Amino acid sequence: MSDLRPLAVVMVADATPLTLANLRALSSWCDLILTEGTTTTSGEPREPLRRGWRDLLDLEPPRLRVFTTDLAGVNTWQRQGVQRNGAQPMIAFEPDDRPVLLVDADEFLDADAVLDLIAQGLERPVRLGLVPLYGAVDRVAKRIHCCWKSDWPDLRVMQRKQPYVFGGGSLASAG
């Protein structure tokens, strides 16, 4: 088990109130690497915040690092891969046993549940199950989520009390 704080690699876009709330919550128990693109994953141009994230979150390196990239690719999934994989050189310098989370800015995690998983040891990557939220934290809507599958009961890793989840972020060691 690692005594290091987890490192959360978070795909970000706009600093919405819900996104900022989640990033602030994550930063209370994780160090952050934010990955943002100069375009959206759907291909529209956007102005990245870069250092502006430091002011919004009141964090400085090494607690917060921001990586900005052009999102090349012909489809959304390729651009998301470019955005997330852009943080790989930063992770390469981390100790092999450092826990690393890969999440989107709108994916809320239960810190205690994640830390329990880390305490058990990370022999291989773990896919986290998340409850999809739409518009407000008290509203869920499986019927409109593209990734919800009724045959994914094994993804109930994080939210055991919820009636359904979808595949969300991942947890692994930096090594």
Side-chain angles (χ1 to χ4, degrees), residues 1-16 18-42 46 48-73 76-119 121-133 147 155 157-158 165-175:
M1 178 182 106
S2 174
D3 292 330
L4 298 166
R5 284 171 61 92
L7 178 62
V9 178
V10 186
M11 285 183 32
V12 295
D14 298 322
T16 66
L18 197 60
T19 297
L20 290 174
N22 190 30
L23 292 173
R24 288 180 182 121
L26 274 173
S27 71
S28 70
W29 58 282
C30 293
D31 294 337
L32 304 177
I33 294 178
L34 304 184
T35 67
E36 64 176 347
T38 58
T39 60
T40 65
T41 55
S42 60
R46 68 174 291 277
L49 290 176
R50 293 186 169 96
R51 290 184 55 89
W53 288 106
R54 293 180 184 177
D55 295 333
L56 287 170
L57 299 172
D58 194 28
L59 293 172
E60 292 291 331
R63 294 286 318 284
L64 172 68
R65 292 172 276 170
V66 179
F67 175 81
T68 304
T69 185
D70 293 325
L71 299 185
T76 297
W77 297 112
Q78 286 175 326
R79 287 187 285 272
Q80 285 181 5
V82 168
Q83 184 173 353
R84 187 172 317 277
N85 293 339
Q88 190 173 12
M90 292 182 210
I91 296 171
F93 291 99
E94 296 295 330
D96 283 351
D97 64 339
R98 178 129 194 219
V100 177
L101 289 158
L102 298 174
V103 295
D104 294 348
D106 63 351
E107 294 176 344
F108 286 73
L109 299 173
D110 179 333
D112 291 336
V114 173
L115 294 172
D116 284 347
L117 281 173
I118 292 169
L122 297 173
E123 295 178 17
R124 61 178 192 197
V126 175
R127 185 76 188 257
L128 305 177
L130 305 170
V131 176
L133 304 173
C147 303
L155 292 178
V157 174
M158 302 309 299
V165 295
F166 72 97
S170 299
L171 172 66
S173 65

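Treat the numbers as computed from the prediction; the structure is a model and nothing was measured. Each residue takes its place number in the sequence, starting with 1.
Considering only residues two or more places apart in sequence or on other chains, T69 meets the side chain to side chain donor-acceptor pair (under 3.5 Å) condition with none of them. Not a single side chain to side chain donor-acceptor pair (under 3.5 Å) links R24 to another residue, sequence neighbours left out. Every residue two or more places apart in sequence or in another chain that forms a side chain to side chain contact (heavy atoms under 4.5 Å, CB included) with N22 is listed here: L26, F108. The salt bridge (charged side-chain N to carboxylate O under 4.0 Å, His left out) check on D31 picks up R5, R63, R98, with sequence neighbours excluded. Checked against side chain to side chain contact (heavy atoms under 4.5 Å, CB included), D14 has the following partners two or more places apart in sequence or in another chain: T16, R46.
In terms of heavy-atom proximity, T35 sits nearest to A87 at CG2-CB, 3.8 Å. For the residue pair P95 and L4, the shortest heavy atom distance occurs at CG-CD1, 3.6 Å. Closest approach of A8 and C30 over heavy atoms only: CB-CB, 4.1 Å.
L7 places a side-chain heavy atom less than 4.5 Å from the side chain of E94. In this structure, the side chains of P6 and L115 come closer than 4.5 Å at one or more pairs of heavy atoms.
The side chain to side chain contact (heavy atoms under 4.5 Å, CB included) with V114 is formed by just one residue from the set I118, L117, D116; it is I118.
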Show me the side-chain donor-acceptor pairs of residues 48-60 shorter than 3.5 Å, one per line, residues at least two apart or across chains.
unit_1	atom_1	unit_2	atom_2	d
W53	NE1	E36	OE1	3.1

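One finds the CG atom of L101 at 11.5 Å from the CD1 atom of I33 (value rounded to the nearest 0.5 Å). For the atom pair CG of L102 and CD of E107, the computed distance is 10.0 Å after rounding to the nearest 0.5 Å.
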